[in-house]
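See structure below.
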Amino acid sequence: MPSYIIEKPLDPWQAISEHQEKMQLDTQFGATATFVGTMRDFNDNSDVSAMTLEHYPAMTQHYLDKLIAEASEKWDLLDVLIIHRVGDILPSQAIMLIACWSAHRKASLDACSWLIEELKHRAPFWKKETRPDGDRWVAENTDGF
Amino acid sequence: MPSYIIEKPLDPWQAISEHQEKMQLDTQFGATATFVGTMRDFNDNSDVSAMTLEHYPAMTQHYLDKLIAEASEKWDLLDVLIIHRVGDILPSQAIMLIACWSAHRKASLDACSWLIEELKHRAPFWKKETRPDGDRWVAENTDGF
Amino acid sequence: MTIQVKFFASLKEQLQLADTEIEHAQTVEDVWNTVTDKADRPDNIIVAVNLEYAQFDSPVNTGDEVAFFPPVTGG
Amino acid sequence: MTIQVKFFASLKEQLQLADTEIEHAQTVEDVWNTVTDKADRPDNIIVAVNLEYAQFDSPVNTGDEVAFFPPVTGG
């Protein structure tokens, strides 16, 4: 149940596909729930042309692994994959992905939703947006609406 | 926001990726939530070596489209894709996928969870499993646990 | 114009009835009684008229398509 | 053995302080006061000791790593 912090562009569907192909559990899971976060070219009614994601490397990795461990205690998960980009990101590029595999659907769906909320509130990443009027740190995560 | 009923094997991640590449909204969506159902080689403590999915073609297509229309009314969705296989399916093969794209995460996550529950309870598909002791119709959908 | 009648999945196998058509019926229940020769109805049987879920007392007109099937199990 | 002190993101820019290390501190608050020369603390500031979330009254020992940062905004 790995987590990766990467600097290069990410093809989320290929990454999930490749991870799944390596799993030894391919006839045991009946459900896969995934969430992919992608960079938009607008936020809070302003254009955004680029973004830089700063993080706290040791703590970030620790927290992603901790979230996966907690999710595995809460739900019957066969595998989990988290990949989060850092560094410079452009609109339409994937920022992060979460994928959860389970025998039955409820575990994977609930774990995936829980993981994205926890990640948003607990994993030490910070977004700085490039806007027409200059660079600006994103002040706070939204509730997802 | 299409739905497809197909008889051939499905690579869900490639299908999502291809659909996303064709979207004209690639810098507008910030969130993609997906659910993929995969055939297991066991169910209710019995081995299952194959499965046949029967459906009611006109009504099934009508219901998938209706579910997408209802989800679009409930949530701000930029796109939805549903693909469901019918016919003969083998363990480890994908049975169906749901993918929801939205600007913010909550819409895509909630719509995806809602769609899979509605699909399970309202779309006219029926599974017949091939077990060591013969073929058996699946009697009822579970609650997902 | 007739009423098209369809059966699916385990119900079709249980009843051993082919899809068929009938001339007259007022309700879904009439359709059931005509095509099954008044067979007992399984508890969990589901019915659709013109691709929408319906009840046994739902009205039926010529030109309609009536389908009987067991609980759905897709997804 | 010293106490490592780190700052991240907007907080680092606001304070214009580089990561540093100090010799002695009893609590996170001591660390803050020493490295910022008792600067006012932004309301929403977050602190971690040895990669775990902590409070300003959390104890600190030599060898610890103390980090100050604004609310996280990843995902």
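Reminder, nothing fancy here: chain letters follow the sequence lines and each chain counts from 1. Since the model is a prediction, treat every value here as computed from it, not as a measurement.
Looking at B:Ala123, only its backbone comes within 4.5 Å of chain C, counting heavy atoms on both sides. Only the side chain of B:Lys128 comes within contact range of chain C, judged by heavy atoms closer than 4.5 Å. B:Met59 touches chain C through backbone and side chain together, each having a heavy atom under 4.5 Å away.
Partner C:Val72 forms a side chain to side chain contact (heavy atoms under 4.5 Å, CB included) with one of B:Tyr63, B:Tyr56, B:Trp126, B:Phe125 and no other, that one being B:Trp126.
Across all their heavy atoms, C:Thr73 and B:Val138 have their closest contact at CG2-O, 3.5 Å. The shortest heavy-atom contact between C:Phe8 and B:Glu54 is CD2-OE2, 3.4 Å.
Note: C:Ser10 leads C:Ser10, C:Ala67, C:Pro71 in heavy-atom pairs under 4.5 Å with chain B.
Summarising the local packing, CG of B:Asp76 is surrounded by 12 or fewer heavy atoms from other residues, nucleotides or ligands at distances under 6.0 Å. More than 12 non-hydrogen atoms from other residues, nucleotides or ligands lie less than 6.0 angstrom from CD of B:Glu70.
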